[in-house]
Amino acid sequence: MVFYFILPRPLFSASTSYVLEDANGTLLSASIAKDGQWRFPYDEHVPGKFVSCITSFEDKRFFNHPGIDFLAISRALRKNINGDHQGASTLTMQVIRLSLKNNNRSIWNKIKESVLALRLECTYSKEKILSLYAANAPFGSNVVGLDAAAWRYFGRDADKLSWAEMATLAVLPNAPSLVHPGKNRQLLLEKRNRLLKELLAAGKISESDYELSLQEALPLKPIALPRYAPHLLQRFAKENKNGNSKTNSTLQIELQENVNKIVQQRQQQFKGNGINNICALVLDVESGNTLAYVGNSYDAGNGDIQADVDIITSPRSPGSALKPFLYAAMMSDGLLLPHSLVPDIPTQIAGYTPQNFDKEFDGGVEASQALSRSLNVPAVRLLQQYKYQRFYETLKQLGITTLNNPADFYGLSMILGGCEVNMWQLAGAYASMARIILHDEKNKGKILNSDIHSPQYVFKKEQTGKEINFPLDAASIYFTFQAMQEVMRPGEEGLWQQFSSSQKIAWKTGTSFGFRDGWAIGITGKNVVAVWVGNADGEGRAGLIGVQTAAPVMFDIFRLLPQATWFKRPLYNYAYIPVCRQSGYRANLDCKDVDTLYMPPNAQKSLLCPYHKIIQLDKTGNYQVTSECEQATDIQHVSWFILPATMEYYYKQHQHDYKLLPPYKVGCLSQTTTREIEIIYPQPGAKIYVPLEFSGEKGRTIFMATHRNSHAKIFWSLDDNFLFTTEHFHQAGINPTPGKHVLTLTDESGNTVSRSFEIITKK
C-alpha cells in the first residue's frame, strides 16, 4: 500500500511557456515561462529519431528493464572500484531525479530514485516515460525540454531535425554546459559523433546518413523563437482558462507572415507623418475562424509607441464604420428602400450640427449613394428616424459589447463614431452579416443563432443553430453590400472594374473625429479583412483618413487571398415592389416612371413617394394655373417631381435635369400646399456663436434662404424690423445682438416663413 502512494503527484508542476501554433501545428510565437526558462508544455509525442538517439546514448536496455538496469549497476560498481566514475541511472530514474529536482548523487538518493523508478514503471508506459523525459530534460542555458531545444538551437520543430541535430540534443542533458557558445565545442562534437557511430553500428542509420551527419556543423548560439503573432499569444495567455498553455490556433502561417510584411512596409511609409501603429485582421466568413492576426505593426517591447498594445481588442472610435448596420436595419424594417432619396441638407438637431466630410450638400441623394459616399448628414437624419436607442440595441444584437455607456450618452453621434468599438467585434459583426446571406438558401430564409457569433482563434465544434428574431434580413444585407462595393477605391484600385480579374469587395472606411483612427473593412463571400491605422496613444494626425491610410493596406491584403464569387441574391423573404424611378420610394398613383423591383420583405410597408404630385398647367405647359383662372378644358393635369425647397436648392445644383415648377400664370393665385419659401440657415432653435474676426471686430453670420421662383424677391425682417430685400440669390450677412431672435421672410405673394434662433457669446 505504501509503495502505491510514494510516487509524487504531479510529477512535474513547473510553469511552462505559452505556445501558439498555426492551424497545421507550426510554431507562430512562444513566451518564456514564469521562472525564466524556455519550457514548452508537455507533449506525449516523441520523435523516433530522439528515441533512438537517447536510448543509444543514455539507456540501451530501456525497453527491457523494469526501471533499474542491474547489469548497468554491476558494471558501474566494477568501474568505480577501479577508479573510473561510471553512472548507472536509467532514463526512468532520471525522470524521477528531474521530478524531485535533487542533483545530490548520494547512495540514499540513488536508492530512493530506484524505488520510485520501479513505482513509475508500474504506472506509466515506456512511451510515457520517454515523453516525460523529453519534456523536462535540461538542454543547456535556460532551455528545458526537447521541443524548446529544437527551436532554440535549430529553429525547427523537433520532428524536422536531422540525425546530426537530434544526436547533438541527445547528448546535452548529460552535460548541458557543452552547448555554451565558444566553450567545449570540440568535446560536444566528439560526443555527437561518437553517438552517430553507435547509431550506425546498431543499424539505426545508414552509412550515407552517417557520413553526411559528420559534416553538419554544431549550433553556434541559441536562436530567437518565431514572433509571427506576438499579440495573439499575449491574448491567449490572458484568456487561457483551461490551464493548457499550448494551442493550435486557426491562423495560417504563410498568410500571417505576409500580412505582417504588408503592415510593416506600410507603417514605414506612414511613420514620416507621425502615424506609428497599424493592426490587421483576416477572418474566414463561413467559420468565423481567424486566418491572420496582426495586433500592432511593431514587435512587442517598443514602449515608445506602445507597440505591445493589441489594437484589435482595444476600443476605438469606429468613425463611419457603423453606417452599413443602420442602412441594413432600416431596410429590414421597411423604413428605407435601397435607392430612396434621402435629404442631404443643412441640419441641426438639439444643437448638434453634423457635417459631410467635404462640407457640401447634395440636397437629396439615393440611400445607396449616401452609404457608398459615406455622407454624414443623411446618416444622422436616418438615425434620428430609426431612433438611436433602438440602434444601440441592434449593435448589441450584432455582438458589439463595448458600448459601456447607456444609449443617451452617445445619442445621434453614435453613427459618426461617437462610441467605442473594437476591431474584433466589428469584423465579427460584418462576418455575421455575410453568413446570413451565404446561409439563406441552406436555412430556407431563417436566421439561426449559429450564424451570429464573434470570431474565434481556436478551433471549435460547429454548433447546431436555432431560429432567432434578428433585426437584419438577408435581402437588406445584400443591398447594403451592393452599395458598399460601389465605393470608389483608392489609387490604382479605382480602376478595378476595368479588370476582369478584379473581385467585388463590399468595403467601408471610417475616420474618427480629430483624425485619430483610420479604418477600412472589406467583405467577400470568403473573407473579412479589417485594418486600423493610427496611434495607440490616441494622438491625431492630419491626413489620418481611412480611405487614404487603412484602405490601401486592406486591398494589399485582399490580393493575398483567393478570389470569391459575389453574394447570391437571397431566395427567401423578399418582395417585388413598384418603385418610383426618380425618388426610389414605393410608387404612389402620381408616379409615372415605375419599376417593379426585387426588394427586402418589409418594403411593402415603406412610405409611398412623397415627392410626386399632380399639378395643373395651362395648355402650353409653361405655367401653373388654377380652376379659378383657367378654363377646365385648357388645364393639363401633370405629375411633377417636387422636392422641398431646401432639398431642391442643393439638388438642382448637382442634378441639372431636375425640372423646377413652372411659375403661376399672371392672374392666378397659388393654391398649392407646397412651401414656396424656406430658410436654409439658421436651423430651428439654433444656438449660434459668432467668433471675432482677425481684425478684432465681431464677425457676421451668413443667413440663407431659397425660393421656388428663381426671380422672386424676399423681404427680410429681424424681430419685426425690416432689414433688406434679396432677389435671385438669397444670402446675406447679419450681425444680431446676443440673445433670442426671430427671423421672418416674406415674398411678393405674401408667403411667409419664420425661424427662431439664439446668438450666444460663449461656446
Worksheet item: side chain to side chain contact (heavy atoms under 4.5 Å, CB included) between Leu341 and Leu643: does it pass, once the steps are laid out?
Response: CA-CA 10 Å; Leu341 204 64; Leu643 293 175; 3.7 Å; yes
Worksheet item: For Arg541 and Phe515, what are the C-alpha separation, side-chain angles and deciding distance, and is it a side chain to side chain contact (heavy atoms under 4.5 Å, CB included)?
Response: CA-CA 6 Å; Arg541 301 296 298 177; Phe515 303 103; 5.8 Å; no
Item to complete: Kindly indicate, with the supporting measurements, whether the criterion side chain to side chain donor-acceptor pair (under 3.5 Å) is fulfilled by Lys508 and Ser374.
Response: CA-CA 8 Å; Lys508 185 75 189 73; Ser374 198; 2.7 Å; yes
Fill in: Derivation and outcome, side chain to side chain contact (heavy atoms under 4.5 Å, CB included), residues Thr480 and Met484
CA-CA 6 Å; Thr480 300; Met484 290 169 65; 3.9 Å; yes
Practice prompt. Apply side chain to side chain contact (heavy atoms under 4.5 Å, CB included) to the pair Glu254 and Leu560, showing each step before the final yes or no.
Written response: CA-CA 10 Å; Glu254 184 177 353; Leu560 303 174; over 6 Å; no
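Of all the heavy atoms in Trp566 and Ile523, the pair that sits closest is CZ3-O, 4.3 Å. Taking each heavy atom of Gly522 and Trp507 in turn, the nearest pair found is CA-CB, 3.8 Å. Summarising the geometry of Val531 relative to Ala280, their closest heavy-atom pair is CG2-CB, 4.2 Å, with the distance given to 0.1 Å. Between Ala483 and Leu371, the shortest heavy-atom distance links the atoms CB-CD2, 4.0 Å. Contact between Ala23 and Phe459 at its shortest, heavy atoms only, is CB-CZ, 3.7 Å. The two atoms that bring Gly274 and Asn535 nearest to each other are O-ND2, 3.0 Å, heavy atoms only.
Gln256 places a side-chain N or O within 3.5 Å of a backbone atom of Tyr228 that can act as its donor or acceptor partner. Listed for the Thr347 side chain is a donor-acceptor partner under 3.5 Å among the backbone atoms of Ile345. In this structure a side-chain-to-backbone donor-acceptor pair under 3.5 Å is present from Asn248 to Asp22. Without hydrogens or angle criteria, Asn296 side chain to Val309 main chain gives a donor-acceptor distance under 3.5 Å. Between the side chain of Arg435 and the backbone N or O of Val285, at least one donor-acceptor pair lies under 3.5 Å. A donor-acceptor pair is defined here as one N or O able to donate and one able to accept, closer than 3.5 Å; no such pair exists between the side chain of Gln389 and the backbone of Ala407. Distance alone, capped at 3.5 Å, places no donor-acceptor pair between the Thr290 side chain and the Leu281 backbone. No side-chain donor-acceptor contact under 3.5 Å links Thr509 to the backbone of Gly546. Judged by distance alone, the side chain of Gln267 and the main-chain N or O of Ile278 form no donor-acceptor pair under 3.5 Å. Checking side-chain atoms of Thr402 against main-chain N and O of Glu420 turns up a donor-acceptor pair under 3.5 Å.
Evaluation of the ring pair (Phe, Tyr, Trp, His ring centres under 6.0 Å) rule for His453 yields no partner, not counting sequence neighbours. Listed by chain and number, the residues in a side-chain hydrogen bond (donor to acceptor under 3.5 Å, both in side chains) with Asn289 are Ser287, Gln456 (sequence neighbours excluded). Remark: Ile468 pairs with Ile447, Asn449, Ile452, Phe470 by the side chain to side chain contact (heavy atoms under 4.5 Å, CB included) rule, at least two apart or across chains. Residues passing the side-chain hydrogen bond (donor to acceptor under 3.5 Å, both in side chains) test with Thr394, sequence neighbours excluded: Tyr386. Not a single side-chain hydrogen bond (donor to acceptor under 3.5 Å, both in side chains) links Thr549 to another residue, sequence neighbours left out. Partners of Ala30 by side chain to side chain contact (heavy atoms under 4.5 Å, CB included), not counting sequence neighbours, listed by chain and number: Val19, Leu27, Trp38, Phe40, Leu225. Evaluation of the salt bridge (Lys or Arg N to Asp or Glu O under 4.0 Å) rule for Glu678 yields no partner, not counting sequence neighbours. The ring pair (Phe, Tyr, Trp, His ring centres under 6.0 Å) test applied to Tyr649 returns no partner, not counting sequence neighbours. The ring pair (Phe, Tyr, Trp, His ring centres under 6.0 Å) test applied to Tyr388 returns no partner, not counting sequence neighbours. Taking the ring pair (Phe, Tyr, Trp, His ring centres under 6.0 Å) definition, one finds that Tyr650 meets it with Phe361, sequence neighbours left out.
Annotation: Phe409, atom CZ; neighbour count of heavy atoms from other residues, nucleotides and ligands within 6.0 Å does not exceed 12.
Within the structure, every pair that satisfies the salt bridge (charged side-chain N to carboxylate O under 4.0 Å, His left out) test and touches residues 368-387, not counting sequence neighbours, is listed here: Asp362-Arg373. Residue pairs that meet the salt bridge (charged side-chain N to carboxylate O under 4.0 Å, His left out) test with at least one member in residues 519-532, sequence neighbours left out, do not exist here.
The CD1 atom of Ile505 sits 7.0 Å away from atom OG1 of Thr524, with the distance rounded to the nearest 0.5 Å. Between the CE atom of Met423 and the CG atom of Asp310 there is a distance of 10.0 Å, given to the nearest 0.5 Å. In this structure, Asn277 CG and Ile311 CD1 are separated by 5.5 Å, a value rounded to the nearest 0.5 Å. With values rounded to the nearest 0.5 angstrom, Leu233 atom CG is found 13.5 Å from Lys238 atom NZ.
With contacts defined as side-chain heavy-atom distances shorter than 4.5 Å, the pair Tyr293/Arg235 qualifies. Counting heavy atoms from C-beta on, the side chains of Leu395 and Met414 come closer than 4.5 Å.
Relative ring orientation between Tyr681 and Phe703 is described as perpendicular, the plane-to-plane angle rising above 60° on a 0-90° scale split at 30° and 60°. Between Phe481 and Phe567, the ring-plane angle classifies as tilted under the 30° and 60° cut-offs.
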